[in-house]
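Written below as structure tokens is the structure these notes are about.
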Amino acid sequence: MQDLKIYNTLSGKKEIFKPINSQHVKMYVCGPTVYGEGHLGHARPAITFDILFRYLKYLGYKVRYVRNITDVGHLLNDADDGGDKIGEKAKSLQLEPMEVAHYYTKKYHDSMQKLNVENPSIEPIASGHIIEQIEMIKKIIDNGFGYEVNGSVYFDVVKYNESNNYGILSRRKIEDMMDNTRELDGQSDKKNQVDFALWKKASPEHIMRWPSPWGDGFPGWHLECSAMSCKYLGEEFDIHGGGMDLVFPHHEAEIAQCCAANNNKGANYWMHNNMITIGGQKMGKSLGNFITLDQFFNGTHSKLNQAYHPMVIRFFLLQAHYRSTIDFSNDALQAAEKGLIRLFNAIKVLNELIPKKQSTIDVSFFVSKCDEAMNDDLNTPIVLSHLFELVKIINSAKEGSYDLKLEDIDNLKQMFHKYTISIFGLHSLNQENNTSDLDGLMNLILDIRNKSKENKDWATADKIREELNNLSIQIKDTKDGSQWSYKN
RNA sequence: GGUCGGAUGGCCGAGUGGCUAGGCAGUGGUCUGCAAAACCAUCUACACCGGUUCGAAUCCGGUUCCGACCUCCA
């Protein structure tokens with residue numbers, strides 16, 4: 001077995017993955033802020049790290065995967081009058097903030113289930129860990145890296161940087177940041193503009209608030225992940241993941257908080273998925289290309305020509321490497337849909353293949369190529385390209401231009417199952433369960449149609465085929481007789 | 001403005017010095033009552049300008065364009 005290599009943002013290089021404990025992997029991924037509909041930006045990290053979660057388990061590790069839900073309303077901007085997203089939404093809908101959070105958490109879970117994203121081992125909620133966050137702030141203050149001003153607590157980045165490296169992850173220099181940060185209305189309590197809030201005093205109209213040693217307020221933007229990863233994974237753990245947009249300031253701040261509180265940087269490997277674009281543009285509400293996951297699944301958005309099955313979204317994401325940007329368009333998704341159908345058709349063909357005495361192709365070559373690609377920083381598009389080469393071989397074997405012996409067919413079955421089902425978490429667009437009743441029915445229909453064909457009653461034969469087609473059942477007339485399958 | 005990343009054929013997307021990634025679409029063929037599927041063949045590439053090299057999509061320099069972050073963000 002080759003080593004798994006993953007790209008570590010901390011070092012800027014691919015590194016051989018070695019967990020702290022040789023049997024167990026501890027992994028934390030930043031989850032959604034639940035104040036709005038789930039969108040593609042939520043799907044990508046969820047799927048990227050779902051693949052990693054599944055693969056690590058496949059490799060035999062016990063994995064504790066923690067992915068948080070952020071339901072604490074953080075400020076919209078740095079000014080003191082700011083509302084927060086969840087609070088604002090709650091006000092506008094006249095709901096309790098917790099109702100808003102709960103509603104969108106449920107929707108997020110529904111979408112994740114449709115995308116066949118496995119549940120993490122623990123899904124901690126930020127508002128349920130206020131105590132842990134307060135305790136962490138106390139430690140940071142005790143260690144001299146936090147200061148209180150007017151009921152708020154800030155992280156002293158400049159002081160921290162004297163003994164640590166603020167910028168270790170994002171490769172920023174504190175001097176540049178000091179130069180670049182513009183003055184914000186002069187009202188700030190911060191010693192330096194680069195400082196960030198650990199605890200924020202709640203203004204009277206701020207709904208989400210908790211008591212603390214510094215008065216009523218709410219925790220800072222970056223603290224929850226540090227507090228919760230520390231609680232469930234310990235002061236040092238293996239992998240921390242999230243979107244690239246989180247590298248700075250969120251993850252940089254997390255490292256600083258962990259070092260300041262525990263004198264330990266937290267995660268050893270930092271992994272970041274790249275962003276998505278829609279039609280070449282950044283997805284954004286102002287650009288009119290903000291498409292929710294539900295809209296993709298239902299096809300209810302003016303930019304979409306059709307509905308896209310969650311598996312198509314998942315498959316499409318896997319056709320690009322997680323560290324590349326990926327562009328969504330109708331053309332690209334339709335291509336992915338066809339590719340996915342082709343892949344699963346080949347698996348069906350494989351299951352029906354008649355073994356030959358000898359193989360005329362070296363199957364093990366492809367097996368090792370796939371493993372190699374997967375171990376090379378989860379290069380899923382390369383794995384898929386090898387699988388598609390095998391799709392051609394499998395189809396050819398059916399036509400007789402290649403031979404496959406029993407052992408190789410079994411190897412292929414195992415390999416396709418391993419990658420498509422176990423690791424990639426894909427399934428066929430129409431789950432063909434419980435088809436035994438239908439089989440009898442379909443055999444009857446095909447029998448009638450074949451009679452028509454024998455009588456050269458093409459009109460009836462075509463009508464049956466067409467009507468079934470409308471029901472998403474496809475007839476294929478082959479040399480060996482007529483076959484049926486779900487169209488998708 | 002600062003920091004970082006990217007630009008590959010009709011579309012998506014791998015690849016990082018010489019050897020066709022792959023998917024979808026197109027074209028021709030095989031098969032078929034017709035169709036679909038499948039198979040075979042085939043077409044369209046490496047943003048631009050220089051440089052290094054026997055050889056550059058790949059390395060170096062410059063240019064243009066795009067994006068991310070710097071402010072909540074996946």
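In this text the structure is predicted, and so the values were computed from the model without any measurement. Values below: all heavy atoms of this structure, side chains included; hydrogens, waters and symmetry mates excluded. Letters A, B, ... mirror the listed sequences (proteins, then strands); counts begin at 1.
In this structure, A:Arg172 reaches the bases: a heavy-atom distance under 4.0 Å links it to at least one base atom across the strands shown. Heavy atoms of A:Leu246 sit under 4.0 angstrom from primed sugar atoms or phosphate atoms, though from no base atom. Nucleic acid contact for A:Gly41: base, since at least one base atom lies under 4.0 Å from a heavy atom of the residue. Among the protein residues, A:Ser170 comes within range of no part of the nucleic acid, since none of its heavy atoms lies under 4.0 Å from any strand. Across all strands shown, A:Lys392 has heavy atoms under 4.0 Å from sugar-phosphate atoms exclusively, and none from any base. Within 4.0 Å of A:His39, counting heavy atoms only, lies at least one base atom of the nucleic acid. Within the nucleic acid shown, A:Phe316 comes within 4.0 Å of sugar-phosphate atoms alone, with no base atom in reach, counting heavy atoms only. A:Met244 comes within 4.0 angstrom of no nucleic acid atom, judged by non-hydrogen atoms across all strands.
Between the P atom of B:G15 and the NE2 atom of A:His321 lies a distance of 7 Å, rounded to the nearest Å. What separates NE2 of A:His386 from C1' of B:A21 is a distance of 8 Å, to the nearest Å. In this structure, the OH atom of A:Tyr419 is 19 Å from the P atom of B:G22, given to the nearest Å. Straight-line distance from the CD1 atom of A:Ile326 to the C1' atom of B:G67: 15 Å, rounded to whole Å. Atom pair A:Glu454:CD and B:G33:P shows a separation of 13 Å (rounding to whole Å applied). In this structure, the CG atom of A:Asn274 is 12 Å from the C1' atom of B:C69, given to the nearest Å. Taking atom CG on A:Leu318 and atom C1' on B:C12, their separation rounds to 14 Å, with Å as the unit. Following rounding to the nearest Å, A:Glu389 (CD) and B:C40 (P) show an atom-to-atom distance of 12 Å.
Projected onto RNA chain B by closest heavy-atom contact, A:Asp327 and A:Ala459 fall at different nucleotides, the more 5' of which corresponds to A:Asp327. With the nearest nucleotide of RNA chain B identified for both A:Ser401 and A:Tyr322, A:Tyr322 has the one nearer the 5' end.
Going from the P atom of B:C46 to that of B:C69 covers 31 Å, rounded to whole Å. Across the P atoms, B:G50 and B:U42 are found 34 Å apart, a figure rounded to whole Å. Separation of the P atoms belonging to B:U53 and B:C48 is 23 Å when rounded to the nearest angstrom. Comparing the P positions of B:A47 and B:A21 gives a spacing of 15 Å, expressed to the nearest Å. Using C1' as the reference atom, B:G23 and B:G18 are 27 Å apart when rounded to the nearest Å. Separation of the C1' atoms belonging to B:U58 and B:A45 is 14 Å when rounded to the nearest angstrom. To the nearest whole angstrom, the two P atoms, one in B:U3 and one in B:A74, are 27 Å apart. Look at the P atom in both B:G1 and B:U63: the space between them is 13 Å, to the nearest Å.
Ring stacking holds between A:Trp458 and B:G33, with the centres under 5.5 Å apart and the planes within 30 degrees of each other.
When both pairing distances are held under 3.5 Å, B:A38 makes a Watson-Crick or G-U pair with B:U30. The nucleotide B:A68 finds its pairing partner in B:U3, both defining distances of the Watson-Crick or G-U wobble pair being shorter than 3.5 Å. Under the Watson-Crick or G-U wobble criterion, with both distances below 3.5 Å, B:G18 is paired with B:C54.
Side-chain N/O atoms of A:Arg465 and base N/O atoms of B:C34 include a donor-acceptor pair closer than 3.5 Å. The base of B:G33 sits within donor-acceptor range of the side chain of A:Asp462, with an N or O pair under 3.5 Å.
Of the side-chain N and O atoms in A:Ser324, one or more sit less than 4.0 angstrom from OP1 or OP2 of B:A14. In terms of phosphate contacts, A:Lys338 brings a side-chain nitrogen or oxygen within less than 4.0 Å of OP1 or OP2 of B:A25. The side chain of A:Asn273 contributes no N or O atom lying less than 4.0 Å from OP1 or OP2 of B:A74. Look at A:Arg342 and you'll find a side-chain N or O under 4.0 angstrom from OP1 or OP2 of B:C39. Distances shown here put every side-chain N or O of A:Asn330 at or beyond 4.0 Å from the OP1 or OP2 atom of B:C11.
Using a 4.0 Å cut-off between charged side-chain N and carboxylate O, A:Asp50 and A:Arg314 make a salt bridge. Salt-bridge formation is detected for the pair A:Asp462/A:Arg465: a Lys NZ or Arg NE/NH1/NH2 atom is positioned less than 4.0 Å from an Asp or Glu carboxylate oxygen. In summary, A:Asp403 and A:Lys356 engage in a salt bridge, as defined by a charged side-chain N under 4.0 Å from a carboxylate O.
Taking the side chain of A:Asp245 as heavy atoms from C-beta on, and the options B:C70, B:A14, B:A68, the nearest nucleotide is B:A68. The side chain of A:Gln319 sits closest to B:G23 out of B:A38, B:G23, B:A74. In the set B:G33, B:A74, B:A21, the nucleotide with an atom closest to the side chain of A:His42 is B:A74. Of all nucleotides listed (B:A38, B:A68, B:A14), B:A14 comes nearest to the side chain of A:Ile382. Taking the side chain of A:Ala332 as heavy atoms from C-beta on, and the options B:C39, B:C12, B:G13, the nearest nucleotide is B:C12. The A:Lys453 side chain lies nearest to B:G33 when the options are B:C39, B:C70, B:G33. For A:Phe248, the listed nucleotide lying nearest its side chain is B:C70; candidates were B:C70, B:A68, B:G23.
In this structure, A:Arg67 fails the cation-pi test against A:Phe49, since its NZ or CZ atom is not both closer than 6.0 Å to the six-membered ring centre and inside 45 degrees of the ring normal.
If you look at A:Phe328 and A:Phe316, their ring centroids are closer than 6.0 Å.
One finds the CZ atom of A:Phe344 at 8.0 Å from the CG atom of A:Leu429 (value rounded to the nearest 0.5 Å).
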Between A:Glu337 and A:Gln306, is a side-chain contact (heavy atoms from CB on, under 4.5 Å) present by the stated rule, with each step listed? CA-CA 11 Å; A:Glu337 183 180 79; A:Gln306 61 169 83; 3.3 Å; yes
Derivation of the side-chain contact (heavy atoms from CB on, under 4.5 Å) call for A:Ile313 and A:Leu40: CA-CA 9 Å; A:Ile313 306 281; A:Leu40 284 172; 4.0 Å; yes
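A:Asp71 and A:Tyr104 form no side-chain donor-acceptor contact under 3.5 Å, judged by distance and modelled atom types alone.
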